[in-house]
Participant: 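Can you read through this structure? Questions will come right after.
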Amino acid sequence: MTEKGSTRKLTAIFYADVAGYSRLTGIDELGTHQVVMDLLDFTQKTIQQQGGTVLRYAGDAILAEFSSVVSCVNAAITTQTELASRNQDIPEDQQVLIRIGINLGEVIEDRGEIYGDGVNIAARLEALAPPGGICITSQVAEQIADKLEVSFTHAGRHKLKNISKPVEIWCWPAEGARKLIRDASSWRKKITLAVAPVAVLLALGYVYLHNVFDNSVPSGPRIAVIPFENLSGNQEDVYFSDGLSKDINAHLSKFSNLFVIAPSSVRDFVNASKCEDVRSELQVDFILEGTVRRSQEKLRVTTTFTDAKTCRQLDAPGPFDRDLNAANILDVQLEIAKKVVAQIGSADAPLFNAKVQKEIRRKAPDKLEAYECVLLSYWFYENFEPERQRKARTCLERAVQIDPDYSLAWSRLAFSYIESKKYAIDTPAEWADLARSAADQSIALDPDNPDAYYALAILTQMTSQEFAEFQNFSDRSVSLNPNDAFVLADLGTWMGYAGQWEKSKEWVSRSMQLNPKHQSWLWQTWHLDYFLKGEYAKSRDMALKMNLPGNYMVQASLTSAYAMNGEQEKAEQTLAHVLELRPNFSEDPRAPFRSRGMPTELVEGIMVGLRRAGLDAEPAAPGD
């Protein structure tokens with residue numbers, strides 16, 4: 001209830017304070033006072049020029065409000081830039097620096113003042129900001145995306161004093177935030193290693209883009225990298241040979257102009273498939289195959305490189321005989337990739353850039369065991385066996401201890417906790433906190449690790465966070481690696497679940513181009529979008545095209561499409577099949593759709609069809 005004489009409104013709140021004011025006055029009280037007063041005068045003038053209103057001074061602090069979020073942040077940037085210029089010739093220990101916090105929130109306005117949590121959050125942000133820097137909330141970040149030249153750093157979710165819910169914080173400049181913002185989560189049960197500072201570098205230039213990448217696929221020759229054959233004599237080593245060739249695939253797709261067929265499309269051609277068959281089914285120009293043999297101490301890799309049009313053997317990279325260690329594995333992978341690109345790719349491919357190669361090596365693991373753990377984590381996706389997931393998770397928990405600077409091990413560990421929840425495999429009670437901490441640590445080590453942003457995107461959807469968070473992380477992941485067909489398909493499908501149908505189709509369509517033998521579930525976006533539009537026959541056809549009789553969620557939405565299209569007999573038959581697959585489905589039929597964050601309108605539409613088919617599904621309660 002609003003008191004008499006007061007009103008509520010939404011406003012951008014600016015709160016600034018001098019850092020270390022007491023220490024500075026102890027050095028030079030009069031001089032500091034004069035500098036601070038001059039600074040406050042400049043700040044007041046800047047605020048007014050940007051359309052803001054100064055509401056209150058409190059010693060060396062200033063509170064202001066703006067009707068425009070962009071103008072508010074512009075005023076803060078202008079103030080900090082001017083102050084940095086004034087401090088250029090002043091010894092560091094004598095510099096006057098201010099911190100600024102900015103929030104967009106609802107406030108109570110009374111007698112020319114503003115009150116409430118909106119103001120309190122801005123003040124808490126100011127205290128967290130680095131001296132000379134600015135901290136903002138995610139609501140502010142959303143409003144300024146693509147409207148300013150500066151980039152803010154995502155610093156994670158923080159519990160602020162006397163604020164009931166955790167707040168997502170972004171800071172500028174990035175280097176200041178890295179020193180200040182630290183991960184608040186601990187690794188109590190699973191990880192005893194102290195987590196390093198968290199600075200999730202997420203440049204706003206990548207956020208909320210309408211097109212995260214150029215819609216065109218790579219323009220170079222099409223190449224299939226067939227998973228290398230394991231000759232080690234131990235069938236369990238298949239994960240190693242498969243992972244080694246998968247990394248070569250990744251180097252080619254990220255750092256050249258080649259059109260690299262997705263790994264899942266080439267899996268059927270392992271073990272000496274005919275050149276003509278590969279060419280015909282994948283429409284490729286070149287084929288790279290190989291073998292891997294490893295012992296306790298040695299590694300041998302051979303390759304064959306084929307012109308698919310003529311089936312003629314070309315000059316193949318290798319053979320490579322090396323001591324078995326992480327550095328040598330990377331050397332072999334890069335040598336193979338560079339020789340392939342040198343023969344058929346662009347001469348100015350990033351793979352030949354010395355800085356790119358140096359960066360690849362910087363991000364590589366130091367320990368062979370840590371690299372093997374990462375490969376094990378990908379091996380889980382081949383058959384989703386619970387024992388593989390358990391083995392990979394245990395291995396990754398060890399990997400981040402023996403090689404704590406290996407970013408990819410941390411992001412894979414984050415995924416292992418997410419997968420434990422998705423597939424109900426020994427799920428830790430604190431799985432979400434563990435996943436978030438691991439992903440944050442991964443990005444602190446490598447702000448350009450797309451796998452970490454991918455993990456955070458899925459995590460935000462699974463924990464019902466704001467869609468803006470999911471979109472931020474998804475856009476960042478895809479912008480960093482736009483040719484990963486699996487990630488495009490997965491995040492694209494989740495985009496559809498979030499109701500972003502056109503973006504979903506864009507990403508999934510790109511995935512289909514890169515992965516010509518893609519999985520049938522990629523048609524899920526079209527199936528659900530047609531249903532929401534009331535085009536039930538098309539929705540039905542897409543569900544049938546997926547041909548997933550063992551997936552109870554798809555069968556449930558197919559049941560509804562049948563019913564809504566007037567095909568009652570087929571609806572009843574399919575519903576019976578759903579109940580065979582999941583006998584307790586009727587207890588909470590909304591669960592599989594709701595857990596994926598699907599729009600309420602879509603979920604309730606599916607429920608209408610299920611009721612028509614004969615399912616005892618209660619209508620949504622008012623307000624649900």
Side-chain angles (χ1 to χ4, degrees), residues 213-214 216-231 238 241-293 300-320 329-353 356-357 360 378 481-489 510-518:
F213 44 70
D214 180 351
S216 61
V217 293
S219 59
R222 294 167 65 96
I223 182 172
V225 181
I226 310 297
F228 287 11
E229 185 180 359
N230 170 40
L231 299 182
V238 170
S241 57
D242 188 85
L244 186 145
S245 49
K246 181 178 180 292
D247 281 349
I248 295 171
N249 182 299
H251 291 319
L252 292 173
S253 64
K254 288 183 71 174
F255 303 114
S256 81
N257 67 323
L258 301 180
F259 188 122
V260 187
I261 302 298
S264 60
S265 276
V266 299
R267 185 155 304 285
D268 294 341
F269 300 101
V270 180
N271 299 329
S273 293
K274 291 183 179 180
C275 164
E276 295 84 357
D277 294 339
V278 179
R279 178 186 65 209
S280 174
E281 290 200 40
L282 299 179
Q283 300 296 304
V284 293
D285 303 304
F286 298 93
I287 304 167
L288 178 67
E289 299 173 278
T291 65
V292 178
R293 185 191 302 274
R300 178 174 176 81
V301 179
T302 67
T303 67
T304 58
F305 190 35
T306 306
D307 183 334
K309 295 177 182 177
T310 63
C311 293
R312 180 174 61 88
Q313 296 292 309
L314 302 176
D315 184 16
F320 304 93
I329 291 171
L330 179 61
D331 285 342
V332 169
Q333 291 169 334
L334 287 177
E335 287 187 43
I336 293 172
K338 286 191 291 184
K339 186 160 187 176
V340 167
V341 176
Q343 290 191 66
I344 65 173
S346 170
D348 61 353
L351 192 60
F352 297 123
N353 186 297
V356 170
Q357 293 184 39
I360 292 172
Y378 289 115
N481 192 11
N483 295 322
D484 189 314
F486 182 84
V487 174
L488 281 166
R510 183 181 179 88
S511 174
M512 289 176 171
Q513 288 181 278
L514 295 166
N515 189 4
K517 293 173 69 67
H518 61 80

Participant: Quick check: closest heavy atoms across Q513 and F259, and the distance to 0.1 Å?
Facilitator: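 Smallest interatomic distance, heavy atoms only, reads O-CZ, 3.2 Å.
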Participant: What residues, two or more places apart in sequence or in another chain, satisfy side chain to side chain donor-acceptor pair (under 3.5 Å) together with N353?
Facilitator: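 For N353 there are no side chain to side chain donor-acceptor pair (under 3.5 Å) partners, ignoring immediate neighbours.
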Participant: Could you please spell out the steps behind the side-chain contact (heavy atoms from CB on, under 4.5 Å) verdict for V292 and L231?
Facilitator: CA-CA 6 Å; V292 178; L231 299 182; over 6 Å; no
Participant: Quick one, E276 with C311, criterion side-chain contact (heavy atoms from CB on, under 4.5 Å). Give me CA distance, side-chain angles, the key distance, then yes/no.
Facilitator: CA-CA 7 Å; E276 295 84 357; C311 293; 3.8 Å; yes
Participant: Under the rule for side chain to side chain donor-acceptor pair (under 3.5 Å), what residues qualify as partners of R300, not counting sequence neighbours?
Facilitator: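 Testing R300 for side chain to side chain donor-acceptor pair (under 3.5 Å), a comparison that skips the adjacent residues, returns D321.
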Participant: Measuring from atom CD of Q313 to atom OG1 of T306, what distance do you get when rounded to the nearest 0.5 angstrom?
Facilitator: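 Answer for the CD-OG1 pair, Q313 versus T306, is 3.5 Å.
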Participant: Side chains of L244 and F228: does their closest heavy-atom pair fall under 4.5 Å?
Facilitator: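 L244 reaches F228 side chain to side chain.
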Participant: Could you grab the distance from atom CD of Q357 to atom CG of D331, nearest 0.5 Å is fine?
Facilitator: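 Between Q357 CD and D331 CG, I get 10.0 Å after rounding to 0.5 Å.
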Participant: Look at the side chain of R510 and the backbone N and O of N483, then say whether any donor-acceptor pair between them is shorter than 3.5 Å.
Facilitator: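 Checked: no pair found.
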Participant: Looking only at non-hydrogen atoms, find the nearest pair between S256 and A349 and report the distance.
Facilitator: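 Reported closest heavy-atom pair: CA-CB, 4.0 Å.
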Participant: May I ask you to test the F486-H518 pair for a side-chain heavy-atom distance under 4.5 Å?
Facilitator: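 Sidechains of H518 and F486: no contact.
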Participant: So I344 and L258, do their side chains get closer than 4.5 Å, heavy atoms only?
Facilitator: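 The answer is yes, as the side chains (C-beta and beyond) meet within the 4.5 Å cut-off.
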Participant: For F255, which residues count as a ring-ring contact (aromatic ring centres under 6.0 Å, His included) partner, sequence neighbours excluded?
Facilitator: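 Residues passing ring-ring contact (aromatic ring centres under 6.0 Å, His included) with F255: none at all.
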Participant: Run the numbers on E289 and V225 for side-chain contact (heavy atoms from CB on, under 4.5 Å), then give the verdict.
Facilitator: CA-CA 6 Å; E289 299 173 278; V225 181; over 6 Å; no
Participant: With sequence neighbours excluded, tell me which residues meet side-chain contact (heavy atoms from CB on, under 4.5 Å) with A308.
Facilitator: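 Expected list: R279, V284, I287.
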Participant: N230: what forms a side chain to side chain donor-acceptor pair (under 3.5 Å) with it, not counting sequence neighbours?
Facilitator: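 N230 satisfies side chain to side chain donor-acceptor pair (under 3.5 Å) with S232 once adjacent residues are dropped.
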Participant: Tell me, which pairs form a salt bridge (Lys or Arg N to Asp or Glu O under 4.0 Å) where one or both residues lie in residues 241-257, sequence neighbours left out?
Facilitator: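 Every salt bridge (Lys or Arg N to Asp or Glu O under 4.0 Å) pair that includes a residue of residues 241-257, provided the two are not neighbours, is D242-R267.
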Participant: Look up atom CZ in R293 and atom OG in S241, then write down how far apart they are to the nearest 0.5 Å.
Facilitator: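 It comes to 12.0 Å.
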Participant: Residues two or more places apart in sequence or in another chain: which of them pass ring-ring contact (aromatic ring centres under 6.0 Å, His included) with F286?
Facilitator: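 Result, ring-ring contact (aromatic ring centres under 6.0 Å, His included) vs F286: F305.
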Participant: Please identify each residue that fulfils side chain to side chain donor-acceptor pair (under 3.5 Å) with T302, with sequence neighbours left out.
Facilitator: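 For T302 the side chain to side chain donor-acceptor pair (under 3.5 Å) partners, ignoring immediate neighbours, are T291.
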Participant: Go through the structure and list residues passing side-chain contact (heavy atoms from CB on, under 4.5 Å) with K309, not counting sequence neighbours.
Facilitator: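 If we apply the side-chain contact (heavy atoms from CB on, under 4.5 Å) test to K309, skipping adjacent residues, the hits are D285, D307.
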Participant: If you round to the nearest 0.5 Å, how far is CG of L351 from CG of L334?
Facilitator: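 The CG atom of L334 sits 6.5 Å away from the CG atom of L351.
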Participant: Please name the pair of heavy atoms, one in S265 and one in P516, separated by the smallest distance, quoted to 0.1 Å.
Facilitator: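 Closest approach of S265 to P516, heavy atoms only: OG-N, 3.4 Å.
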Participant: Measuring from E335:CD to T303:OG1, what's the distance to the nearest 0.5 Å?
Facilitator: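 OG1 of T303 is found 11.0 Å from CD of E335.
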Participant: Can you list everything that forms a side-chain contact (heavy atoms from CB on, under 4.5 Å) with A485? Sequence neighbours excluded, please.
Facilitator: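 If we apply the side-chain contact (heavy atoms from CB on, under 4.5 Å) test to A485, skipping adjacent residues, the hits are A262, S511, L514, N515.
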Participant: Can you list the residues that meet the salt bridge (Lys or Arg N to Asp or Glu O under 4.0 Å) rule with K338, with sequence neighbours excluded?
Facilitator: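 Counting only residues at least two positions away or on another chain, K338 forms no salt bridge (Lys or Arg N to Asp or Glu O under 4.0 Å).
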Participant: List the steps and the verdict of side-chain contact (heavy atoms from CB on, under 4.5 Å) for I336 and V301.
Facilitator: CA-CA 10 Å; I336 293 172; V301 179; 4.1 Å; yes
Participant: May I ask you to test the I360-H251 pair for a side-chain heavy-atom distance under 4.5 Å?
Facilitator: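 Answer yes - side chains close enough.
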Participant: First locate atom CD1 of I261, then atom OG of S253, and finally report the distance between them rounded to the nearest 0.5 Å.
Facilitator: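 With rounding to 0.5 Å, CD1 (I261) is 11.0 Å from OG (S253).
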Participant: List in chain and number order the residues that pass side-chain contact (heavy atoms from CB on, under 4.5 Å) with S280, two or more places apart in sequence or in another chain; answer none if no residue qualifies.
Facilitator: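 Partners of S280 by the side-chain contact (heavy atoms from CB on, under 4.5 Å) criterion come out as none, since no residue qualifies.
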